[in-house]
Amino acid sequence: MADERRDVGRVEAPVPVPEASAGGHSSRAPSSSPDSGAAMARRLQVLEGLLSEVVFQLDAHGRVAYLGPGWEKLTGTLGAVFQGHPLLEAVHPPDREAARTLLEAVATQRLPDARQELRLSVGDEARWVVLAARSVPGLPGEVVGTLLDIDSRRRAEEAVATRERYLETMVEVQRRMMPHQLPVDLYASVVEPLGRVSAASRVYVFEMHRSAEGAPLASQRAEWCEPGIPPNLEDPNMHGLPLLEALLPEQASALIRGEPVQGLPWSFTPVLKPMLEAQGVRSVLLLPLHVHGQLFGVIGFDNCREARPWGPIEVNLLSGAAGTLSLALEQRTDKALRVRTETTLRRTEAGVHLLIEAFPDPVMVHVGDGVLLSVNPALVQYLGYRDASELVGRHVLELVREEDRSAAQLYLGQALEGKRAARAVEVPLVRRDGETVVADLVTLAVVFDGAPAWVTMARDFTERKRSQAQLILADRMASMGLLAAGIAHELNNPLAYVLSNLDFLHATVGPRARPLTPDDLVECRQVLDDAREGAERMRQIVRQLRVFSRVEDNREEPVDVHRVLDSVAQMAASEVRPRARLVKSYGVVPPVRGNEGKLFQVFLNLVINAAHAIEEGQSETNEIRITTRPEDGERVLVEVRDTGGGIPPEHLRRIFDPFFTTKSAGLGTGLGLSICDTIVTALGGHISVESSVGVGTTFRVALHASSPLDTVARHGL
């Protein structure tokens, strides 16, 4: 009887699950509770409140039939307001055609599902989202989908790109304005690069002069227009214009004081407003040109596409370029010509200082040996100092953690030798209070104080790090949701026979049990060993979940890659088992340098992707093989090979792009492989892919072998 009880406890009987109907509800008899439908609706509402996406449903005419509760948080408007209206009305006008094309393709089932990044109109602003849509089988024309808020990421990416684009243009303008022999046409050297970098429709320069009666006038001297924008240089109204009188008094005073003026056509006087409207101008920015302390002219920027204000970063950087042009103009005046020999170097230095002071990111100027010559206020604040004098004269390497200085020295050497800008990512810098901040560095060569020098810009990595952490967490949660049923099964089996064996022990040694014989004691010990084995199996599963959930742990240390792969194989078993045999082909490899939780996430993504590349029901003829081997003595290579359908060549080049996926809706976020690439690259490794349609796909991950000193996190200089 005891043997029979213990054997029964080992049977891994499937837990009965209600059979799902086509509508997603149980096919069992409906609950006798009259409000079961309302209860289910309440459960769905609570579940939607946990989602970061807004769920929507469109009827066959593209009108909103349902909007999830996240709509109000996303747009600030109630979902009921849009009920019965076309969803396209909420899309930002420039993106409506693309949204219409996508929704029509899904509604007519030309595409089963689709996704696209576009903007929603939120008040007077636009907000970026990922629109994912899918047709509803059996309901022609109806569409369901989600809206995921990615506005912070898109705006952060645009801000980073704008700052880098402006910095390169500012350096180019400074080089054009500050050579020993100035260009013949100063204005033409400036308006074209500034027009392109600022995305203006028209850039022009007005010079101030006086009429025969002594009245201040302005005439246009140069102009750049983007294609399709008519020029104004030959317009008689642009010559002899009483500019200061045509401005509002406060606008004229601002230009005289050296301050920028901007606005929409209606914000100017009745003299200028019709001129601007006739030229198609929707917003304008005027920057003063001062020579020897006097207003010499203005450089103007017209936007003929949209009535948007010019942002503070744009205004500051364009003002820096206007200041550089002012210095060059001074150099051409009679006074500057008399003292040109004595002031050329000083003016060059002043131009560089102007760019540095105007730049919103931390900037430092240093010579070849690494001594700091100048820093801007943004760097002083970023590193927590009170004044620039506390930094000037120190060595650049003093700002880097001691353990990272050899890598920083290598980066500086590359920057000094290269002819183009050098870049380093995730460099740890030490603040005055001892805290560490992480920044990306870009170094450019300039002329400072008559000698070669280098400008290094530090861009704070904190926001991007936070965005990456959020994406990594989202990918982990998606994986956990996908594997939830399998994890429950893995826990339920050992739990079943642990409980069964404990029940047997309770009956055997309970209060009314007969006295135990020596054979009974042996039997009880075997039952306890079985229960302990099951508890240990559950402990290992819980440990794997704990390792996988450590989202804030950035520590790098020696990691046994085989231990990680074994855990992945167990966790992904429920996804792999119906599709293929999982084969492990391990070589003799050393520990790798990395983070156990992050490597777990990488290989779990790769194994799940391999499983999803194979149709269910063919487990005997398909295989997923995990191979490890040393490479070049300094690296460990891990391969995940499948015999699935393969990846078409047109998709292969985009396979690591964020949000790109070829999976059906509900099976992938498009983040998995992008996250894998981010994690592996941050660990100093490399990930690559080979695929043949109809043959299969192989992902290769190369990781650095660990050294005895690899016990702490090291950031990527």
Side-chain angles (χ1 to χ4, degrees), residues 165-166 169-170 172-177 182-211 216-247 251-252 255 258 260-265 267-269 271-291 295-310 314-315 317-332:
R165 191 171 68 249
Y166 269 89
T169 302
M170 296 303 103
E172 178 61 24
V173 169
Q174 188 264 343
R175 285 174 175 167
R176 292 186 182 190
M177 293 295 98
L182 288 171
V184 175
D185 190 346
L186 282 175
Y187 302 142
S189 300
V190 174
V191 294
E192 186 268 341
L194 292 185
R196 296 192 184 281
V197 74
S198 65
S201 305
R202 185 187 293 114
V203 183
Y204 44 87
V205 176
F206 275 79
E207 276 186 3
M208 304 296 297
H209 58 91
R210 292 191 176 273
S211 67
L217 303 175
S219 294
Q220 189 169 335
R221 301 302 188 201
E223 185 181 55
W224 171 87
C225 300
E226 71 174 1
I229 299 298
N232 295 325
L233 189 58
E234 303 300 326
D235 186 348
N237 293 322
M238 299 295 102
H239 298 271
L241 176 70
L243 180 62
L244 296 180
E245 293 182 10
L247 294 170
Q251 294 170 337
L255 289 178
V261 170
Q262 67 165 309
L264 309 182
S267 61
F268 291 91
T269 64
V271 176
L272 279 183
K273 177 183 176 182
M275 296 175 61
L276 295 173
E277 291 177 340
Q279 295 169 3
V281 178
R282 304 188 65 182
S283 66
V284 63
L285 170 66
L286 300 176
L287 300 175
L289 299 173
H290 273 228
V291 174
L295 183 63
F296 182 85
V298 296
I299 179 168
F301 300 80
D302 289 347
N303 189 333
C304 299
R305 292 182 301 277
E306 54 183 336
R308 68 168 181 87
W310 301 80
E314 294 174 290
V315 173
L317 292 169
L318 293 174
S319 295
T324 300
L325 179 57
S326 296
L327 290 172
L329 290 169
E330 282 191 10
Q331 197 168 341
R332 284 195 168 176

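Every heavy atom of this structure was used, including side-chain atoms; hydrogens, water molecules and symmetry mates were not. In this chain, numbering begins with 1 at the start of the sequence shown.
At distances below 3.5 Å, at least one donor-acceptor pair connects side-chain atoms of Glu223 with backbone N or O atoms of Leu233. Side-chain N or O atoms of His290 include none that pairs as donor or acceptor with a backbone N or O of Gly323 at under 3.5 Å.
Here Val203 pairs with Val191, Ala200, Trp224, Ile299, Phe301 under the side-chain contact (heavy atoms from CB on, under 4.5 Å) rule; sequence neighbours left out. Scanning for ring-ring contact (aromatic ring centres under 6.0 Å, His included) contacts around Phe206 gives Tyr204, with sequence neighbours left out. Ile229 pairs by the side-chain contact (heavy atoms from CB on, under 4.5 Å) definition with Ser201, Arg202, Cys225, Glu226, Cys304, not counting sequence neighbours. Every residue two or more places apart in sequence or in another chain that forms a salt bridge (charged side-chain N to carboxylate O under 4.0 Å, His left out) with Glu207 is listed here: Arg221. Remark: His209 engages Ser219 in a side chain to side chain donor-acceptor pair (under 3.5 Å) (not counting sequence neighbours). With sequence neighbours left out, Gln251 forms a side chain to side chain donor-acceptor pair (under 3.5 Å) with no residue at all. Not counting sequence neighbours, the partners of Pro309 by the side-chain contact (heavy atoms from CB on, under 4.5 Å) test are Gln262.
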Show your working on side chain to side chain contact (heavy atoms under 4.5 Å, CB included) between Val261 and Phe268 and close with a plain yes or no.
CA-CA 10 Å; Val261 170; Phe268 291 91; 4.3 Å; yes

List the steps and the verdict of side chain to side chain contact (heavy atoms under 4.5 Å, CB included) for Val190 and Val205.
CA-CA 10 Å; Val190 174; Val205 176; over 6 Å; no

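Heavy atoms only, all atoms of each residue included: Ser326 and Pro288 are closest at OG-O, 4.5 Å. Of all non-hydrogen atoms in Met208 and Leu243, the two that sit nearest each other are SD-CD2, 4.4 Å. For the pair Ala222 and Tyr187, the tightest heavy-atom approach, listed with the atom from each and the gap, is CB-CB, 3.4 Å. Ala252 and Leu244 make their closest contact through CB-O, 3.8 Å (heavy atoms, listed as atom of the first residue, atom of the second, distance). A pairwise comparison of heavy atoms in Leu247 and Thr269 identifies C-CG2, 3.5 Å as the closest pair.
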Side chains of residues 271-285: which donor-acceptor pairs under 3.5 Å do they make with residues two or more places apart or in other chains?
residue : atom : partner : partner atom : Å
Gln279  : OE1  : Asn232  : ND2          : 3.3
Arg282  : NH1  : Arg305  : O            : 2.7
Ser283  : OG   : Arg308  : O            : 3.2

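No more than 12 heavy atoms of other residues, nucleotides or ligands sit less than 6.0 Å from atom CD of Glu234.
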